Amino acid sequence: MTEALPGTDPLSLPARPWRTVYLVTDAFDEVTLTRRLAALESAQCIVVRPTPVRSASDLVWDVLTAAGKNPAAARTQRMTIGSAWVAAAAWLTAARTAHIVVERGHRLSEREAVRLAELADTVDATLWLIWSSPRDATTMGNALESLGNSRLHGRRGRLPTTGPRRPLRAIHLDDFYRLLPLPDPATSLPPNPDDDPAPDDDWPALPDADFPLFLAACRRRLAADTFDQLNHVYRSEAQRTDQFVRRHPHDLAAPRSGTFARALNAYLRDERLGPAASPHLALIRLRAIQASLLSRGVLLRWQPAGLGPAPAGHLPTWLTPTVCRALRATVATDAAAATVLSLLLSAAPDRFAHVLCRNVDEDGHYLYLPTFSDNAAYLRTDWAAEIDRREEDECPSYGHTTGKTPLPPYAAEILAAQLAHRRAEGSGTRGHLFVNYKDPSLAATERTLTELILRTCRRIGIHPHWLHRGACREDQQIGTGPTPHTDWMTARHLTATVLDDQGGGL
């Protein structure tokens with residue numbers, strides 16, 4: 001077993017084909033180490049605590065638990081041990097985990113320690129094995145250094161004389177404290193950084209008047225200082241809407257009205273209503289956008305009666321930080337990623353089979369949906385066989401004209417994990433992002449993804465009213481008609497009509 005040279009920083013050693021494993025000696029099982037590991041634990045430094053009594057295949061559940069996943073959910077999905085290891089590697093890669101610390105590593109078998117070292121190689125992380133036992137760690141060190149081949153050379157685990165060697169460093173607890181210091185308290189994150197308690201506390205109950213009378217009703221009912229604050233938000237939003245319309249000067253004409261509808265759908269979803277911090281703020285923005293669009297000849301109607309009580313709560317995106325935190329506890333990357341896209345776009349997964357790995361940013365910050373220049377490969381299946389199909393029969397962009405849809409920063413890790421999972425399966429850039437779990441060479445079907453999303457939503461306690469198993473039975477529902485470009489607006493009962501001299505509309 002290789003020993004660290006005195007006065008040499010193990011982290012300054014040259015890079016090897018395999019990541020260096022550090023065997024930390026803690027023969028006295030110090031209590032202070034447990035408290036220090038709890039302070040070190042984060043997404044970039046996970047702490048694996050092996051279960052004392054477990055089967056040979058249970059180590060992956062300990063790793064997933066250390067990564068913040070719910071292993072019980074994985075067992076209900078009947079994941080195999082191999083797929084669980086691949087999912088663990090994908091989540092750790094997306095989280096950019098740099099350190100994997102194993103507390104009480106003496107509980108591991110040689111095969112398990114080698115498997116953790118292989119996981120660290122895959123995710124490009126450093127493995128720290130805490131040896132909290134007076135027993136000799138030579139056999140374990142030989143197994144790690146020989147890449148698990150020492151067990152083939154006698155019962156005592158002697159090192160083979162030939163073959164590749166993994167760099168292994170044996171260090172003491174003082175060196176571990178020096179090489180892996182505690183994070184700076186000034187820059188440490190709060191326990192739940194995604195939480196935003198009571199975002200509507202700054203706004204009182206707003207009147208339910210329609211947009212022509214909304215501002216007047218607010219003036220009558222609200223206090224003067226509160227109305228001044230609301231009026232400032234209202235005027236600023238109206239100016240933003242004017243700037244948006246000026247960016248589309250030629251799209252209000254009848255031949256290009258569909259382009260304006262798709263742009264408005266993306267504008268409301270990605271910039272104004274979707275990312276609103278609270279339902280009351282989304283309602284103020286909506287009323288200002290409606291008034292500003294009407295002055296430009298566009299009638300944006302909102303019919304909240306069908307949304308039930310507190311309809312303004314349906315205006316912002318369903319993909320909240322709290323929902324994403326629950327999705328990050330999901331083991332299956334495809335279930336979490338499909339749910340993210342469905343909640344973000346408010347769309348059924350009927351077109352998710354067309355999304356390729358190249359359509360996702362490596363870090364998960366953007367979703368590059370194809371535009372009309374690529375529409376030959378993104379035809380709806382029920383219209384692809386029609387000879388007299390038109391441009392509006394094709395749905396390549398989910399209502400987004402630029403093809404670049406930003407994702408919330410708290411959802412980026414989920415998409416990045418699914419992309420890492422597919423790349424580990426050898427998908428390449430042209431492979432499908434969602435595939436059939438029985439045959440990865442085939443794209444996932446709409447029925448399979450719908451069931452997957454509904455199961456995931458039920459587990460985390462949300463119920464999207466626009467997603468259901470059966471086909472839509474009424475007109476104007478999501479996914480019906482030849483032009484389902486406004487899925488996000490349709491889910492919120494929003495419709496846009498361009499007014500012209502003849503009274504025509506979209």
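None of the values given here were measured: they were computed from a predicted structure.
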Handout entry: Arg430 atom CZ: more than 12 heavy-atom contacts under 6.0 Å
Key = no
Problem - Sidechain-backbone polar pair: Ser83 side chain, Thr80 backbone, donor-acceptor under 3.5 Å - result: yes
Problem - Glu110 vs Val114 side-chain heavy atoms within contact, under 4.5 Å - result: no
Completion exercise
To the nearest 0.5 Å, atom CG of Leu281 lies from atom CH2 of Trp203 at 7.0 Å
Problem - Worked verdict on Thr65 versus Arg49 for side-chain hydrogen bond (donor to acceptor under 3.5 Å, both in side chains) - result: CA-CA 9 Å; Thr65 302; Arg49 298 175 175 86; over 6 Å; no
Exercise for the section: Answer yes or no: does atom CD of Glu362 have more than 12 heavy-atom neighbours from other residues, nucleotides or ligands under 6.0 Å? Expected result: no
Exercise for the section: Please tell me if the side chains of Leu173 and Leu33 come closer than 4.5 Å, counting only heavy atoms from C-beta onward. Expected result: yes
Exercise for the section: Supply the atom-to-atom distance Asn359 CG to Tyr366 OH, rounded to the nearest 0.5 angstrom. Expected result: 16.0 Å
Handout entry: Side-chain donor/acceptor of Arg328 to backbone N/O of Tyr410, under 3.5 Å
Key = yes
Handout entry: Side-chain (Thr456) to main-chain (Leu452) donor-acceptor, under 3.5 angstrom
Key = yes
Problem - Ser133 (side chain) donor-acceptor with Arg135 (main chain) under 3.5 angstrom - result: yes
Exercise for the section: Mind listing the closest non-hydrogen atom pair of Leu129 and Gly105 along with its distance? Expected result: CD1-CA, 3.8 Å
Problem - Leu37 side, atom CG; Leu182 side, atom CG - distance, nearest 0.5 Å - result: 9.5 Å
Problem - side-chain hydrogen bond (donor to acceptor under 3.5 Å, both in side chains) assessment of Thr339 paired with Ser342 - result: CA-CA 5 Å; Thr339 306; Ser342 183; over 6 Å; no
Practice task
Please report the closest heavy-atom contact between Gly141 and Leu168, naming both atoms and the distance.
Solution key: O-CD2, 3.4 Å
Exercise for the section: Verify side-chain hydrogen bond (donor to acceptor under 3.5 Å, both in side chains) between His421 and Thr333, making sure each step is shown before the conclusion. Expected result: CA-CA 7 Å; His421 195 162; Thr333 57; 2.7 Å; yes
Exercise for the section: Kindly determine whether Asp175 and Arg169 satisfy salt bridge (charged side-chain N to carboxylate O under 4.0 Å, His left out), including the steps that lead there. Expected result: CA-CA 11 Å; Asp175 297 326; Arg169 300 291 179 263; over 6 Å; no
Practice task
Measure the CG-CZ distance between Leu454 and Arg459 for me, rounded to the nearest 0.5 Å.
Solution key: 13.5 Å
Fill in the blank from the handout: When every non-hydrogen atom of Leu315 is compared with those of Arg492, the smallest separation belongs to O-NE, 3.0 Å
Exercise for the section: Check whether any side-chain N or O of Asn436 sits under 3.5 Å from a backbone N or O of Thr445 as a donor-acceptor pair, and report yes or no. Expected result: no
Exercise for the section: Taking the side chain as every heavy atom from C-beta outward, state whether Pro464 and Cys457 have any pair of such atoms under 4.5 Å apart. Expected result: yes
Handout entry: Shortest non-hydrogen contact from Leu319 toward Ala411
Key = CD2-CB, 3.8 Å
Problem - Check: Glu41 side chain, Ala38 main-chain N or O, donor-acceptor pair, under 3.5 Å - result: no
Problem - Side chains of Val331 and Asn70 in contact at under 4.5 Å (non-hydrogen atoms) - result: no
Exercise for the section: Look up atom CZ in Phe176 and atom CD1 in Ile171, then write down how far apart they are to the nearest 0.5 Å. Expected result: 7.5 Å
Exercise for the section: State, to 0.1 Å, how close Val123 and Ala89 come at their nearest heavy-atom pair, and which atoms those are. Expected result: CG1-O, 3.5 Å
Practice task
Return yes if some donor-acceptor pair links the side-chain N/O of Arg285 with the main-chain N/O of Glu237 below 3.5 Å, else return no.
Solution key: no
Practice task
Verify the neighbour count for atom CZ of Arg240: are there more than 12 heavy atoms of other residues, nucleotides or ligands below 6.0 Å?
Solution key: no
Practice task
Measure the acute angle between the ring planes of Tyr267 and Phe244, then classify it against the limits of 30° and 60° as parallel, tilted or perpendicular.
Solution key: parallel
Exercise for the section: Check for a donor-acceptor pair, side chain of Thr97 on one end and backbone N or O of His99 on the other, with a separation under 3.5 Å. Expected result: no
Exercise for the section: Mind checking the OG-CD spacing from Ser441 to Glu425? Nearest 0.5 Å is all I need. Expected result: 11.0 Å
Problem - Test item: side-chain donor near acceptor, Ser346 and Arg269, under 3.5 Å - result: no
Handout entry: Evaluation steps, salt bridge (charged side-chain N to carboxylate O under 4.0 Å, His left out), between Arg107 and Asp62
Key = CA-CA 13 Å; Arg107 293 175 175 172; Asp62 296 330; over 6 Å; no
Exercise for the section: Please report the closest heavy-atom contact between Ala125 and Arg19, naming both atoms and the distance. Expected result: O-NE, 3.1 Å
